[in-house]
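Single-structure report; data block below.
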Amino acid sequence: MWTLTLDTATPYLSLGVFHGDRGLGRVVRLGRKHEEALFALLDELLVEVGIEREEIGALVLGEGPGSYTGLRIALAAGLGIALAHGAKVFGAGSLLAACWPFLEEGGPPLTALFTTRNGLYYGATYARREGKPLTLKPPKKLTASELPQEGLLLDAPPDPRALYELLPFAREGVEPLYL
């Protein structure tokens, strides 16, 4: 069973298809034009990997935080694909997917931040313990004066492979996070 990962909570479209160690991910900065490129990029990715949409058995969708429209693009597209192909849908935090590749087992915590259009930040602090994500500070809206002084990851896109690796910890279904 192949897993499709998709996140549109940020200016980046994060998209991937994975099965075990196999698969590919793409991250493309599109600003606010995710809907214009999503399905063409998905088709290209499926051709590169050599699979059909019918082989997708699960989806991991980024739940944000992010803008209403940005989140809805991934959720609507993902839920549509899942419905059409009988795939299961899981949700994972976009901030966690952005920092997961940078978290070292037992290492220091990392605060992932997404800059909002109004000059604020969405931020959350995570660590990796026993191979699992540990949320030290849940996602919330922050001002510049509230930011930690160290361990920051600013505006990194959610990683497609990280969304796949977070599948064991993801919740079934999706709950978009609007802050």
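Just so you know, residue 1 is the first one in the sequence shown, and it goes up from there.
Counting only residues at least two apart or in different chains, side-chain hydrogen bond (donor to acceptor under 3.5 Å, both in side chains) contacts with residues 35-52 comprise Arg26-Glu48, Asp43-Arg53. The side-chain hydrogen bond (donor to acceptor under 3.5 Å, both in side chains) contacts involving residues 142-153 comprise Thr143-Ser145, Thr143-Glu146, where partners must be two or more places apart or lie in separate chains. Applying the side-chain hydrogen bond (donor to acceptor under 3.5 Å, both in side chains) test to every pair with at least one member in residues 77-103, sequence neighbours left out, gives these pairs: Asp7-Ser94, Trp100-Glu165. Listed by first and then second residue, the salt bridge (charged side-chain N to carboxylate O under 4.0 Å, His left out) pairs that reach into residues 57-69 are Glu63-Arg171, sequence neighbours excluded. Judged as a salt bridge (charged side-chain N to carboxylate O under 4.0 Å, His left out), not a single pair has a partner in residues 132-142 (not counting sequence neighbours). Sorted by first and then second residue, the ring pair (Phe, Tyr, Trp, His ring centres under 6.0 Å) pairs with a member in residues 122-156 form an empty list; sequence neighbours excluded. Residue pairs satisfying the ring pair (Phe, Tyr, Trp, His ring centres under 6.0 Å) criterion with at least one member in residues 25-77, sequence neighbours excluded, are listed as follows: Tyr68-Tyr178.
Looking only at side-chain heavy atoms (C-beta outward), Phe90 and Leu59 stay at 4.5 Å or farther from each other. Contact annotation: the side chain of Val27 never approaches that of Asp159 to less than 4.5 Å [non-hydrogen atoms, C-beta and beyond]. Residues Thr3 and Ile56 fail the side-chain proximity criterion, which asks for heavy atoms closer than 4.5 Å. You'll find the side chain of Leu142 reaches within 4.5 Å of the side chain of Leu147, heavy atoms only. The side-chain heavy atoms of Arg72 and Leu75, taken from C-beta on, include a pair separated by under 4.5 Å.
Under a hydrophobic clustering in which Ile, Leu, Val, Met, Phe, Trp and Tyr are joined whenever their side-chain heavy atoms come within less than 4.5 Å, directly or via other members, Leu177 and Leu96 fall into the same cluster. No continuous path of ILVMFWY side-chain contacts below 4.5 Å connects Tyr164 to Val49, so the two sit in separate hydrophobic clusters. If you chain together hydrophobic residues whose side chains sit under 4.5 Å apart, Leu46 and Leu163 never meet in one group. Hydrophobic clustering (ILVMFWY, side-chain heavy atoms < 4.5 Å, transitive): Leu61 and Leu45 are in one cluster. One hydrophobic cluster, built from ILVMFWY side chains closer than 4.5 Å, holds both Leu6 and Ile51.
Scanning both residues, Leu110 and Cys99, for their nearest heavy atoms gives CD2-CB, 3.6 Å. The shortest heavy-atom contact between Ala92 and Val60 is CB-CG1, 4.0 Å. The two residues Ala156 and Phe114 come nearest to each other via the heavy atoms O-CE2, 3.3 Å. Contact detail for Leu136 and Pro109: the closest heavy-atom pair is CD1-CB, 3.4 Å.
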Check the pair Leu42 / Ile81 against side-chain contact (heavy atoms from CB on, under 4.5 Å), numbers first and verdict last. CA-CA 11 Å; Leu42 174 58; Ile81 292 168; 3.8 Å; yes

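Under the 3.5 Å distance criterion, the side-chain polar atoms of Thr135 are left unmatched by any main-chain donor or acceptor of Pro138. Judged by distance alone, the side chain of Arg129 and the main-chain N or O of Gly107 form a donor-acceptor pair under 3.5 Å.
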Per-pair distances, 0.1 Å, donor-acceptor, side chain in residues 9-16, under 3.5 Å, sequence neighbours excluded:
unit_1 : atom_1 : unit_2 : atom_2 : d
Thr10  : OG1    : Tyr12  : N      : 3.1
Tyr12  : OH     : Arg29  : NH1    : 3.4
Ser14  : OG     : Pro158 : O      : 2.5

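Listed by chain and residue number, nothing satisfies the salt bridge (Lys or Arg N to Asp or Glu O under 4.0 Å) test with Glu55 (two or more places apart in sequence, or in another chain). With sequence neighbours excluded, the residues that form a side chain to side chain contact (heavy atoms under 4.5 Å, CB included) with Leu154 are Leu113, Thr115, Tyr121. In this structure, Arg22 has no side chain to side chain donor-acceptor pair (under 3.5 Å) partners at least two apart in sequence or on a different chain. Judged as a side chain to side chain donor-acceptor pair (under 3.5 Å), and not counting sequence neighbours, the contacts of Thr111 are Thr125.
Counting heavy atoms of neighbouring residues, nucleotides and ligands inside a 6.0 Å radius, atom CG of Asp21 does not exceed 12 of them.
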